[in-house]
Structures are given as C-alpha cells and as structure tokens.
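First the structure, in the form of structure tokens, and then the observations on it.
Note on naming: letters A, B, ... go to the chains in the order of the sequence lines (proteins, then strands), and numbering restarts at 1 for each one. Quick caveat: nothing in here was measured; it's all calculated off a predicted structure.
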There are 2 protein chains.
Amino acid sequence: MEKLNDTFLYTIDKCFRSYHQFAQKNVRKAGFKITIDQWLILKNVSENPDITQNDLSKLVFKDKASITRIIQLLINAGYLIRETHPGDKRRVNLTLTTSGEKITAEVEKIAFQNRAAALKGVNLELMAEMKIALQEIINNCS
Amino acid sequence: MEKLNDTFLYTIDKCFRSYHQFAQKNVRKAGFKITIDQWLILKNVSENPDITQNDLSKLVFKDKASITRIIQLLINAGYLIRETHPGDKRRVNLTLTTSGEKITAEVEKIAFQNRAAALKGVNLELMAEMKIALQEIINNCS
DNA sequence: AAATATTAGTTGATATATCAATATTATACC
DNA sequence: GGTATAATATTGATATATCAACTAATATTT
C-alpha cells in the first residue's frame with residue numbers, strides 16, 4: 001500500500017500549511033497583531049466594497065459562520081464597520097476604517113514579499129500549468 | 001495591483017480546502033463518525049508503530065498540541081491506546097485497538113476513492129513535476 | 001394578500017490550529 | 001553525582017472550521 005505522505009494531495013496539504021505558517025510568522029515578526037485570515041477578509045472587502053458575507057465566504061472558501069466570527073474580531077479591533085444594507089435589511093455593509101485601510105496596505109507589502117520568497121525558483125510556466133491543474137482538482141471536488 | 005484570488009498560493013489554499021471538504025463529506029456519507037484529521041493520525045500510527053507524538057506532528061505538519069488533542073479524542077472513541085514508553089518515560093506508546101484498525105482500513109478505501117476522484121483527468125507527469133515544485137515551496141518556507 | 005420558499009447572517013456545539021507556559025524525564029557537562 | 005540543558009508531552013488561551021439549527025427579511029407562488 002502506498003505510503004500516505006507520498007501522495008500528491010498530502011504534498012498540497014503540507015505546502016499550504018507550510019506557507020501559511022511562514023506567512024503568519026512574518027506578519028507577526030513585522031509587529032502586526034493580525035492573522036492572515038483576518039487580513040484576507042480585509043483585503044477582499046477592500047477589493048470588493050459591495051460584497052456580502054456570503055460571497056466573501058465563497059471567495060475565500062470558508063464557511064459563512066467563520067466569516068461572521070472573523071469579521072466580529074475585525075470590528076472589535078477597529079478595522080471594520082458593519083452596517084445593515086439600506087436596500088436589503090438581511091445584508092450587511094462592510095467598510096474599512098482608516099486604520100483598517102492602513103493595516104491592510106501595510107500587511108499587503110509583507111504578503112507580497114511572502115509570496116515572492118515562497119515561490120522563489122519555481123518556474124513560471126510550470127506555475128501556470130499547475131494553476132490549471134489545481135483548478136481541475138477543485139472542480140472535481142465540487 | 002494583482003487581485004488576490006489570481007495568485008498561485010491562493011489557488012493552493014482553495015484546492016486544499018476544497019479537497020478536504022470533499023473528502024470529509026464522503027467519509028461522513030459512508031457512515032463513519034471520524035474526521036479526516038483523526039483518520040490521518042490513525043493511519044500514520046499504523047504505518048509507523050513506534051512513532052512519537054513529536055514526530056507525528058512533523059509528519060502531518062500540525063502543532064504537537066493539536067496532536068495531543070486529536071489523540072485524546074481517538075482514545076475516547078476507543079480507537080487508540082496510549083501508554084508510557086517503557087524505555088523513556090517522557091514518550092508515549094501509541095497502539096491501535098482492533099476497532100481502530102478496522103476503521104482505519106475502512107476509511108482508507110474511501111480515502112483512496114477520494115484521491116482518485118479528485119485527481120481524475122490530471123496528467124501524471126505534470127503531477128510529478130508539481131510535487132517537486134510544491135516541495136520547493138515548502139523548502140522556501142522553512 | 002397570504003402562504004411558501006429562498007436568502008443573509010448569527011449562534012451553539014464540537015474539532016482543529018497555534019503560541020506560550022509548564023511538568024516530567026533524559027542527557028550532557030563539570 | 002549534581003547541575004544545566006534538552007526533549008516529550010500536556011494545558012490554557014485564543015482563533016478558525018464546520019455543521020446544524022435558527023431568526024429575520026425578501027422573493028415567489030397561488
């Protein structure tokens with residue numbers, strides 16, 4: 001029987017965890033008290049100002065319950081404002097505060113460096129092919 | 001500025017989550033009340049009977065605190081036995097119970113099907129190249 | 001318009017992730 | 001042999017993941 005840690009999906013798992021830890025460590029080392037997951041939400045809200053929590057959850061591939069909780073922490077930290085949508089009272093309007101915008105931009109720089117460091121030496125063409133293959137796997141799982 | 005969900009590492013994240021959810025769903029649908037993470041521990045213990053929790057944590061790339069807690073749940077469920085190692089009282093000896101061995105083997109079949117379904121249509125050579133590239137990323141992050 | 005279905009978001013329960021601090025035992029050094 | 005150091009595992013605190021059940025609001029149907 002094939003050993004578990006020889007499998008391809010095991011390597012993906014490991015790669016993802018490995019990068020996540022690396023990225024989180026660098027953000028912390030730079031003095032920011034924010035998690036990668038929290039930053040990811042801020043970043044996506046700033047990229048898509050009218051987004052709902054539901055769509056946000058699809059975008060980052062997390063459960064909507066997780067989104068609710070991460071957003072609550074971001075509000076507590078003063079990075080995000082939540083208001084009910086005027087046109088649809090079920091929805092919420094999410095807006096970055098000034099300090100939210102500030103930290104988003106600052107951590108963005110670190111995120112950029114993290115990605116560059118993580119992908120150093122990996123062939124660009126291969127990366128493009130890999131993206132397609134990964135997308136195929138995602139489709140297979142949906 | 002590059003949109004976040006265009007990045008390669010974002011796709012890896014998504015692929016991993018997507019597969020994990022898919023795999024967990026199939027295990028549950030088959031009637032097993034065990035999580036993928038718990039099964040992963042059982043499987044690795046059965047593959048490496050003398051392993052320590054520390055090495056286990058490196059193998060599955062999780063924190064040793066997580067390992068302690070997952071193992072506690074597996075003991076509660078009657079799948080695993082934990083004893084102190086006779087030669088080194090700091091260490092623990094982990095042994096699968098009969099029902100632990102049974103569920104490990106049964107879920108293994110589903111895991112095998114899951115992997116096959118997830119990787120359907122993905123070129124084998126590309127997969128080999130990808131494994132090398134992913135390993136490179138892992139190294140970059142270490 | 002009333003009944004029904006759908007959608008957006010929250011909450012409870014449980015599992016996992018991570019860091020930091022701790023207890024216990026083993027090993028290295030002197 | 002005793003002391004400092006290292007290794008193994010646990011625990012506390014907090015963040016995240018997921019399902020299921022729920023509330024409230026909107027959309028659809030009849």
Open item on the list: At less than 3.5 Å, do the side-chain atoms of A:Arg90 and the base atoms of C:dT7 form a donor-acceptor pair?
Closed with: yes
Open item on the list: Let's see if you get this right: which residues in residues 63-84 of chain B place a heavy atom under 4.0 Å from DNA chain D?
Closed with: B:Lys64, B:Ala65, B:Thr68, B:Arg69, B:Arg82
TODO: Using a 4.0 Å heavy-atom cut-off across all strands, classify A:Gln21 as base, sugar-phosphate, or nothing.
DONE: sugar-phosphate
Task: Counterpart residues, side chain to side chain donor-acceptor pair (under 3.5 Å), relative to B:Asn76 (two or more places apart) - done: B:Gln72
TODO: With DNA chain D as reference, determine whether A:Asp37 or B:Lys25 sits nearer its 5' end, using the nearest nucleotide of each.
DONE: A:Asp37
- [ ] Taking side chain to side chain contact (heavy atoms under 4.5 Å, CB included) as the test, write out the residues that go with B:Asp55, two or more places apart.
- [x] B:Ile51, B:Thr52, B:Lys58
Task: Side-chain donor or acceptor of A:Asn93 paired with backbone N/O of A:Glu83 under 3.5 Å - done: no
Task: Set of residues satisfying side chain to side chain donor-acceptor pair (under 3.5 Å) with respect to B:Arg69, sequence neighbours excluded - done: none
Task: Start and end of chain A contact along DNA chain D [non-hydrogen atoms, under 4.0 Å] - done: D:dA15 to D:dT26
Task: Whole-Å distance separating the CZ atom of A:Arg17 from the P atom of C:dC19 - done: 13 Å
Open item on the list: Once ring pair (Phe, Tyr, Trp, His ring centres under 6.0 Å) is applied, do any residues pair with B:Phe22, and if so which ones, sequence neighbours excluded?
Closed with: none
Task: For A:Lys64, all residues meeting side chain to side chain donor-acceptor pair (under 3.5 Å), sequence neighbours excluded - done: none
TODO: Would you please name every residue forming a side chain to side chain contact (heavy atoms under 4.5 Å, CB included) with A:Thr84, sequence neighbours left out?
DONE: none
Open item on the list: Could you work out, with side chain to side chain contact (heavy atoms under 4.5 Å, CB included) as the rule, every residue matching A:Glu106, not counting sequence neighbours?
Closed with: A:Phe32, A:Lys102
Task: Polar side-chain atom of B:Thr104 near backbone of B:Gly100 as donor-acceptor pair, under 3.5 Å - done: yes
Task: salt bridge (Lys or Arg N to Asp or Glu O under 4.0 Å) partners of residues 87-101 of chain A, not counting sequence neighbours, each pair once - done: A:Asp88-A:Arg90
TODO: Indicate, with a heavy-atom threshold strictly under 4.0 Å, whether B:Gln38 touches base, sugar-phosphate, or nothing.
DONE: sugar-phosphate
TODO: List for me each residue that meets side chain to side chain donor-acceptor pair (under 3.5 Å) alongside A:Asn123, sequence neighbours excluded, and say none if there are none.
DONE: none
Task: Duplex segments of DNA chain D, taken as runs of at least three Watson-Crick or G-U pairs that stay under 3.5 Å - done: C:1-30 with D:1-30
